[in-house]
Amino acid sequence: MRSYTRGMTGADLTGVPETALWTLRNRAVEAARPDAYIDDPHAVRLFEQLAGDDLDRFGKPSQTHPLRALAFDREIRDYLDLHPGAPVVALGEGLQTSYWRLDRPDVRWFSIDLPEMVAVQDRLLPAEPNITRIGVSALDRSWLEEVPTGPAIISAEGLFMYLPREDVHALIADMAARFPSGRLIYDSIPGWFSRMTLRGKVRLTERYVAPPMPHSQTVDQGAELPNRIPGVVAAREVQLPPGRGLWGSSPVSAVLRRVADLPVIRNRRPSITALDFAEA
Ligand SMILES: C[S@@+](CC[C@H](N)C(=O)[O-])C[C@H]1O[C@@H](n2cnc3c(N)ncnc32)[C@H](O)[C@@H]1O
């Protein structure tokens with residue numbers, strides 16, 4: 001087994017916060033390619049800075065994370081075009097670098113993550129006058145008071161699967177009350193994958209097992225949320241943009257995308273949901 005050292009460069013994270021290194025690594029590997037479809041120099045710089053942290057423990061890089069990041073970027077951009085001046089709230093933001101990818105210098109950005117992650121963000125990410133980092137659990141409602149009430153775009157990228165379903169639904173209801181005409185984007189895993197994580201079976205390498213992800217949601221369950229959560233008026237599935245190879249835009253990929261939409265498959269694959277909140 002090759003020797004390695006974790007935490008050499010200041011990101012000595014464990015548990016769910018450690019997963020931010022997994023997603024960062026996958027975005028950075030894509031962004032560092034000469035034919036990259038994601039432009040993310042900050043992710044590449046962070047990746048190089050963390051080179052001593054054995055990021056190879058996360059196994060073979062996957063396109064799911066850079067493509068997911070681009071899907072969230074597109075949603076945030078679209079919302080800001082409709083609601084200029086609205087703040088962005090990034091729940092469980094980890095080492096995401098969306099603020100710089102979006103390049104909207106005037107946007108007010110609120111980043112909510114656990115205190116140990118905010119300490120790492122403060123060390124490794126540039127300070128920006130428009131970014132407010134708040135070191136509390138997303139489930140701790142104190143952060144709601146720090147963001148002006150009114151329309152807001154909220155992202156929860158790679159977060160809700162780690163939290164209990166009832167807590168997530170209660171948080172969504174509270175956000176809908178605080179941010180009328182707001183929008184929430186989040187991603188979900190299917191039930192079979194959640195069960196695998198609960199049994200410790202998602203082993204990326206001999207040095208890394210993904211933590212338990214207790215909360216699953218299917219595409220059909222997402223579509224039902226306006227009937228289940230007060231203040232949610234619309235739900236839609238957000239598609240990933242095309243990537244490379246089987247994730248690309250070839251005829252084979254087009255067929256795979258159609259197959260992924262068949263009812264029998266669509267409730268067994270990961271998905272991204274956008275929820276609209278009621279007007280005031
Ligand atoms: C898979 S990472 C996702 C990071 C980033 N959003 C991305 O896509 O690269 C999960 C993130 O959720 C954060 N997290 C875990 N539990 C949390 C909680 N209760 N409240 C806020 N953030 C939390 C972790 O610290 C970590 O940054």
Side-chain angles (χ1 to χ4, degrees), residues 11-31 38 40 42-44 46-47 50 55 57-58 61-73 75-76 88-102 109-125 131-144 146-147 153-172 174-175 184-189 193-194 197 202 204 208-215 238 240 270 272:
D12 195 9
L13 297 161
T14 57
V16 181
E18 185 180 6
T19 63
L21 299 173
W22 173 16
T23 54
L24 165 73
R25 192 285 307 258
N26 287 347
R27 283 193 307 279
V29 166
E30 177 56 41
I38 185 167
D40 200 338
H42 282 279
V44 175
L46 271 176
F47 180 58
L50 293 168
L55 299 186
R57 70 185 183 273
F58 300 113
S62 153
Q63 291 189 57
T64 52
H65 294 133
L67 290 176
R68 180 178 80 178
L70 288 179
F72 275 65
D73 286 358
E75 286 291 319
I76 294 172
V88 178
V89 179
L91 301 178
E93 192 173 28
L95 296 173
Q96 248 304 1
T97 44
S98 335
Y99 175 82
W100 296 277
R101 285 198 308 269
L102 284 166
W109 197 279
F110 294 86
S111 182
I112 320 298
D113 208 308
L114 299 174
E116 62 265 40
M117 177 54 78
V118 170
V120 172
Q121 291 171 336
D122 285 342
R123 266 205 307 277
L124 298 181
L125 291 169
I131 299 183
T132 303
R133 297 193 179 115
I134 304 174
V136 295
S137 167
L139 299 176
D140 175 334
R141 303 302 196 267
S142 61
W143 69 263
L144 285 173
E146 308 224 13
V147 184
I153 175 82
I154 302 139
S155 73
E157 187 180 352
L159 173 65
F160 284 170
M161 59 285 286
Y162 296 106
L163 305 175
R165 180 191 311 262
E166 316 76 63
D167 290 354
V168 169
H169 286 193
L171 173 65
I172 295 174
D174 288 348
M175 292 193 293
L184 167 69
I185 322 152
Y186 64 98
D187 55 312
S188 305
I189 52 162
F193 189 78
S194 165
T197 66
V202 179
L204 301 186
Y208 187 75
V209 178
M213 305 181 196
H215 175 198
V238 173
L240 291 180
I272 303 175

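Hydrogens, waters and symmetry mates play no part in the numbers below; they use all other heavy atoms, side chains included. Whatever order the structure lists ligands and atoms in, that order sets their numbers, starting from 1.
Contact annotation for L163 and ligand 1: only side-chain heavy atoms (C-beta onward) come within less than 4.0 Å of the ligand. Of all the heavy atoms of E157, the ones lying under 4.0 Å from any atom of ligand 1 are found in both the backbone and the side chain.
For D187 (side chain) and I272 (main-chain N/O), no donor-acceptor pair under 3.5 Å exists by modelled atom type. Between the side chain of Q121 and the backbone N or O of G94 there is at least one donor-acceptor pair closer than 3.5 Å. In this structure a side-chain-to-backbone donor-acceptor pair under 3.5 Å is present from S194 to M213. Between the side chain of T23 and the main chain of H65, no donor-acceptor pair closer than 3.5 Å is present.
Using a 4.0 angstrom heavy-atom cutoff, L159 counts as in contact with ligand 1. For the pair R27 and ligand 1, a heavy-atom separation below 4.0 Å is found. Within the structure, ligand 1 lacks L95 among the residues with a heavy atom less than 4.0 angstrom away.
Considering both main-chain and side-chain atoms, A20 never comes within under 3.5 Å of ligand 1 through any nitrogen or oxygen pair. For a threshold of 3.5 Å applied to N or O pairs, the pair formed by R68 and ligand 1 contains at least one separation below that value. Residue-to-ligand polar distances keep L91 apart from ligand 1: every N/O pair is separated by 3.5 Å or more.
Using cut-offs of 30° and 60° for the angle between ring planes, the W22 and F58 rings count as parallel.
Listed by number with element, the atoms of ligand 1 under 4.0 Å from a non-hydrogen atom of T23 are 7 (C), 9 (O). Of all the atoms in ligand 1, the ones that sit under 4.0 Å from a non-hydrogen atom of Q96 are 5 (C), 7 (C), 8 (O), 9 (O).
Comparing A90, G158, A69, A138 by heavy-atom distance to atom 10 (C) of ligand 1, the nearest is G158. If you check each of S137, P211, A43, S111 against atom 19 (N) of ligand 1, the one with the closest non-hydrogen atom is S137. Remark: among candidates I134, I112, D113, L114, the nearest residue to atom 25 (O) of ligand 1 is D113, based on non-hydrogen atoms.
Once rounded to the nearest 0.5 Å, the distance linking CG of L159 with CD1 of I112 reads 11.0 Å.
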